[in-house]
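Following: one structure in structure tokens, then a few remarks.
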Amino acid sequence: MHPRRTRLSLAQLQERGGLVRTSADIDEGAAPTLRDLTESLVFSPGDGRIWLNDQRMVLWRSSTYGGLRSELIASMGQEQARSLLTRVGYAAGARDAELVRRMWPDSDPANAFHAGPRMHKLEGIVRPETIRFEFDIARGDFYADFWWHDSSEDDEHIAAFGIGTEPACWMQVGYASGYAIAFMGKLIVYREVACRASGAEVCRITGRPADEWDDPARDLHYFTPDASAVRVRRSYAPVVSELSRRRPQVDAAAADAGDGASPIGISSTFSAARHLLERVAPTQATVLFTGASGVGKELFAQTLHGISPRAVGPFVAINCAAIPETLIESELFGVERGAFTGATASRPGRFERAEGGTLFLDEIASLSFVAQGKLLRALQERHVERVGGTRVIKVDVRVVAASNVDLRDEVAAGRFREDLFFRLNVFPIRLPPLKERRDDIPLLMEAFLRRYCRQHGREVPGFTPRAVQALLQYDFPGNIRELQNLVERGVIMASHDEPIDVHHLFRSGELRGAPALGLGGGGRLTAAPIVEAGPGVARGGRQRDAPGTPSAAGKEAAAYRNALVSARYNVAEAARRLGLSRAQLAYRLKRHGLS
Ligand SMILES: [Zn+2]
């Protein structure tokens, strides 16, 4: 059972310039610290949300997990329950690794790796203590040995089943493997070599690359769903294919939507609207989108067209509010030469141009009464007459309309024809405002970030925890369009390689979100200090390894340079004076181009 040791010694690795870290080098003060991670945890009780950065969390009793776990064991059998929980833990670990790599892209990889164990601790699952840790991300070299104190999974297992012969920290071991695999881009297997549930005083886990274990299949088979667990396989199959990928992938929903081609979301209100869209798309029914400005009505209309049998035909959009009342009829129905002064040539209207396709009429409530009457006739009789013309032109057009005011109110006020309202309101779809679909904000942030980085040729790694927190709590009166504008502003304002912070997003006066709670120093919930807008905002010590401004980076570089000079270029000595380890200083010097 002992792992084969075929690796080079540490000294040899260091000689070859590998990025080697041992446990002695782990700097509790380097980003992301436990405090940095703690600041990513935000309670938003007004919304009924808890966030870990941009991921929704749930606070539940350890005993609830214990109950679920016991039920799984009883219904599936121990081996299958273990396999399922290992994979669930794996997925959580992989997500956390992705979060850390995204949030702290510039931090020392060995320190960043330890965000995994710190996160496990912050989430209250287990308290890891490093026994030994060796790491070389470039060479894929990895050896980790941890004590696991007070495992919550063991507490629950022992309470239900007592002490047995097998280790029981299944989900936790899955987490450790998932985290390491996603972080290293290499198949790392953790094994629980001692466990409280099998009589040990403290649990202990060891992690190594799979090919360095004598019998990795023994652990790996828990990653693979059992053939009899069909439903389980369906839900978790991606875990297995993920093993071979270098980096965990972003949600496919976000990945294909970065170009704005289709609406993005996973929230239940969004999904309901999307479901209605898919139901009605194959039909010829008139669709009426309602919802506030900026919720994405045109994008929905385009998507409706794109997934309908008319997709091969044209999609023609017109904003009725943007066209002067005197021109709207000729715009919609076309005009014959000489119909009025200035009509020097005949031209087709939008109806004719949308022949065989879809005509999208935005802000339909702003149509004049006369235009409303003509529109009604066009819808009923399926033909139009150009302004000043006598010829009847047959049209085959599906009309999709949108309004940001309630058309029933407009009817009641005598401003909108009731017969037209009923003609349009065949299949209404209400699009929710962004504050009713907060779970979609992270997806949208990610998609817009990628879109605008590409569009403006910039490399912005992501958002600071504070910026994420501000966006998750902001009310977005301008809805998705406002979020889009904020992210574009952030991409332009942030310096190269610097994550977007609050002051890149908001100018004064925009921020007035609901109060949120974060963890205070004593571990109690306190009002989370969001953020005043403005360039003078304090950086609060976050992102230590991603200097905020060129001058901050410059100061940091100067401090290292001075320390080096005064230590006569003895890196170890300079590091000692700066309170860093030699490896840390070497890494930072390299990052500042000073090595
Ligand atoms: Zn254990």
Side-chain angles (χ1 to χ4, degrees), residues 1-3 23 34 60-74 76-97 113-133 142-181 183 188-208 210 212-224 239:
M1 227 58 62
H2 292 289
S23 9
L34 184 58
W60 63 340
R61 286 172 187 77
S62 181
S63 60
T64 308
Y65 170 60
L68 172 66
R69 198 173 177 283
S70 299
E71 292 255 355
L72 284 175
I73 293 169
M76 309 175 82
Q78 172 145 328
E79 280 298 280
Q80 283 201 23
R82 177 173 181 176
S83 177
L84 185 148
L85 291 168
T86 304
R87 292 192 304 278
V88 170
Y90 175 95
R95 287 207 133 201
D96 278 354
F113 183 87
H114 275 69
R118 284 174 199 148
M119 205 100 84
H120 233 169
K121 186 158 73 170
L122 175 67
E123 290 165 13
I125 293 166
V126 67
R127 179 167 60 87
E129 182 194 344
T130 311
I131 303 168
R132 188 162 153 219
F133 182 69
F142 187 91
Y143 181 86
D145 202 3
F146 290 95
W147 295 119
W148 262 358
H149 300 281
D150 309 322
S151 149
S152 58
E153 200 166 7
D154 275 340
D155 281 355
E156 296 308 325
H157 187 88
I158 294 166
F161 304 101
I163 304 288
T165 54
E166 291 281 315
C169 296
W170 305 331
M171 193 158 85
Q172 294 173 191
V173 167
Y175 177 97
S177 293
Y179 185 87
I181 289 167
F183 197 96
I188 305 286
V189 170
Y190 272 92
R191 181 178 293 171
E192 191 173 19
V193 293
C195 182
R196 267 197 304 137
S198 53
E201 209 163 298
V202 182
C203 304
R204 180 174 185 166
I205 57 161
T206 298
R208 335 219 40 213
E212 291 181 31
W213 288 101
D214 285 335
D215 51 352
R218 171 184 135 181
D219 308 85
L220 286 171
H221 90 271
Y222 291 116
F223 290 174
T224 317
V239 168

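What you see is a predicted model, and the numbers here were worked out from it, not measured in a lab. For ligands, and for the atoms within them, numbers begin at 1 and follow the listed sequence. Count residues from 1 along the sequence.
At the Zn ion (ligand 1), the angle from OD2 in D154 to SG in C169 is 90° when rounded to 10°.
E192 lies close to the Zn ion (ligand 1), since one of its N, O or S atoms is found at a distance under 2.8 Å. One of the N, O or S atoms belonging to C195 lies under 2.8 Å away from the Zn ion (ligand 1).
The aromatic rings of H149 and W147 lie tilted to each other, with the angle between the two planes from 30° to 60°. The aromatic rings of Y65 and W60 are tilted relative to each other, their planes meeting at an angle between 30° and 60°.
With D219 as reference, R191 is the one residue of R82, R208, R191 to meet the salt bridge (Lys or Arg N to Asp or Glu O under 4.0 Å) rule.
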Show your reasoning for whether side-chain contact (heavy atoms from CB on, under 4.5 Å) applies to E166 and S198. CA-CA 5 Å; E166 291 281 315; S198 53; 5.8 Å; no
